[in-house]
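Remarks on the structure that follows.
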Protein chains: 2
Amino acid sequence: MSPAASDPTRDRVLEAARREFAANGIFGARIDRIAKSAQTSKDRLYAHFRSKEQLYAQVAMSEINRLRETVGFDAYDLPASAGRLFDYFAHNEDGFRLLSWGRLEQSPADALAPERVAALQEAIDQIRQAQANGAIDASWEPFDVKALVGQIAMCHLAIPELKAAAAMAICEPALDDRRAAVVKAVRLLFPPAPDKRPAP
Amino acid sequence: MSPAASDPTRDRVLEAARREFAANGIFGARIDRIAKSAQTSKDRLYAHFRSKEQLYAQVAMSEINRLRETVGFDAYDLPASAGRLFDYFAHNEDGFRLLSWGRLEQSPADALAPERVAALQEAIDQIRQAQANGAIDASWEPFDVKALVGQIAMCHLAIPELKAAAAMAICEPALDDRRAAVVKAVRLLFPPAPDKRPAP
């Protein structure tokens, strides 16, 4: 049996680890809590995953793959891509926390894992292609386009002050309104140009 | 002596705590490491600060106050404000990490501290005033303006993938270029309008 094939213990560990990392981050996560919650032992857990960092990397990569499959990234319609990214995380706070912690706590070597870099490279290539086809202003560096769209899409999720603002009646926290603002901002920066999409 | 007056032990604890929280976050920080680094005891530390959370709240509030004094926020020139915010954090990674961790780990009650809410309210009021004076498109919710400018300014700092991208030659990591992209994005969304500023 290949180690990547389904294994009930391994699957339970991954699920428990996702909850533990989302709640406490990498530094705050406890392997013994994960093992207990997955109804296994630390020894059996370490037979599947070398270290807490390696377990986090697995869980994070699953989340990133799920995000990419669910959200998709369309360089010819960046406002719609941003809206879908907003929706994804607005209804998946655990996933948002999970990945946010990695940004602070993952080692550069793990952040540079080939699978991660390949995903980034794919989006950059799509943006460059869309620029070549006249769909995105070519004066933008592709990497900046990617970073801006992602950050704008997540701008309210990253800001717990939204709850404070709502409590102080500074801002209506209605998700629909925040989503509309995100899409409007991306549309102003990068108007959609589906007509520039090459015929399949 | 008022408890807020300068006290060498208290000052050393705050400085050590800033380093510890920037490196490890709230959950990962260890009070005994902070006490040791500040050359004091845990008991003396707890005489000054009730809890790890309260110590973090103090350190974070100092950082926010320093940020506000250094960066300033000018609703009549949001691109320039974003550029200054970029500069502040680009040269203060500890401050960036410190505040980022709070977003994930601080309790809602602490994030709702009156001093924090007052700072937010002040920025919102400035934006609303600038909208009333025709300097910012009034169709934006003031809170969204604040959130967008802040997130865009920090878009490269929040993304360790920039290092990966640089390593793969996907993107030149030159800070000046990244700063220019940030200012350009904010300028497209919220063009500066210093002429709309009311006479002092």
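First the proteins, then the strands, lettered A, B, ... as listed; each starts at 1.
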Could you tell me whether A:R44 atom CZ has more than 12 heavy atoms of other residues or ligands within 6.0 Å of it?
no
Would you find more than 12 non-hydrogen atoms of other residues, nucleotides or ligands less than 6.0 Å from B:Q54 atom CD?
yes
Shared ILVMFWY cluster between B:L189 and B:Y76, side chains joined below 4.5 angstrom?
no
From A:F143 atom CZ to B:R178 atom CZ, the distance as rounded to the nearest 0.5 Å:
7.5 Å
Just how far is it from atom NZ of B:K146 to atom SG of A:C155, taken to the nearest 0.5 Å?
11.0 Å
How about B:R103 and A:S100: do any of their side-chain heavy atoms sit closer than 4.5 Å?
no
What is the distance from atom CG of A:L104 to atom CD of B:E105, rounded to the nearest 0.5 Å?
8.5 Å
Got a sec: does the CZ of B:R33 have more than 12 other heavy atoms crowding it under 6.0 Å?
yes
Honestly curious: do A:V183 and B:V186 fall in one hydrophobic cluster under the side-chain, below-4.5 Å linking rule?
no
Counting heavy-atom pairs under 4.5 Å with chain B, which one of A:A185, A:P142, A:G25 comes out on top?
A:A185
Treating Ile, Leu, Val, Met, Phe, Trp and Tyr as nodes and any side-chain heavy-atom pair under 4.5 angstrom as an edge, say whether B:V145 and B:F73 lie in one connected cluster.
yes
Between A:L188 and B:L188, is any pair of side-chain heavy atoms under 4.5 Å apart?
no
Provide the closest heavy-atom pair for B:I152 versus A:L148 in the form atom of the first, atom of the second, distance.
CG2-CD2, 3.6 Å
Please classify the contact between B:A23 and chain A as side chain, backbone, both or neither, with a heavy-atom cut-off of under 4.5 Å.
backbone
Whether the side chain of B:Q151 engages the backbone of A:Q151 through a donor-acceptor N/O pair (distance < 3.5 Å, no angle test) should be reported.
yes
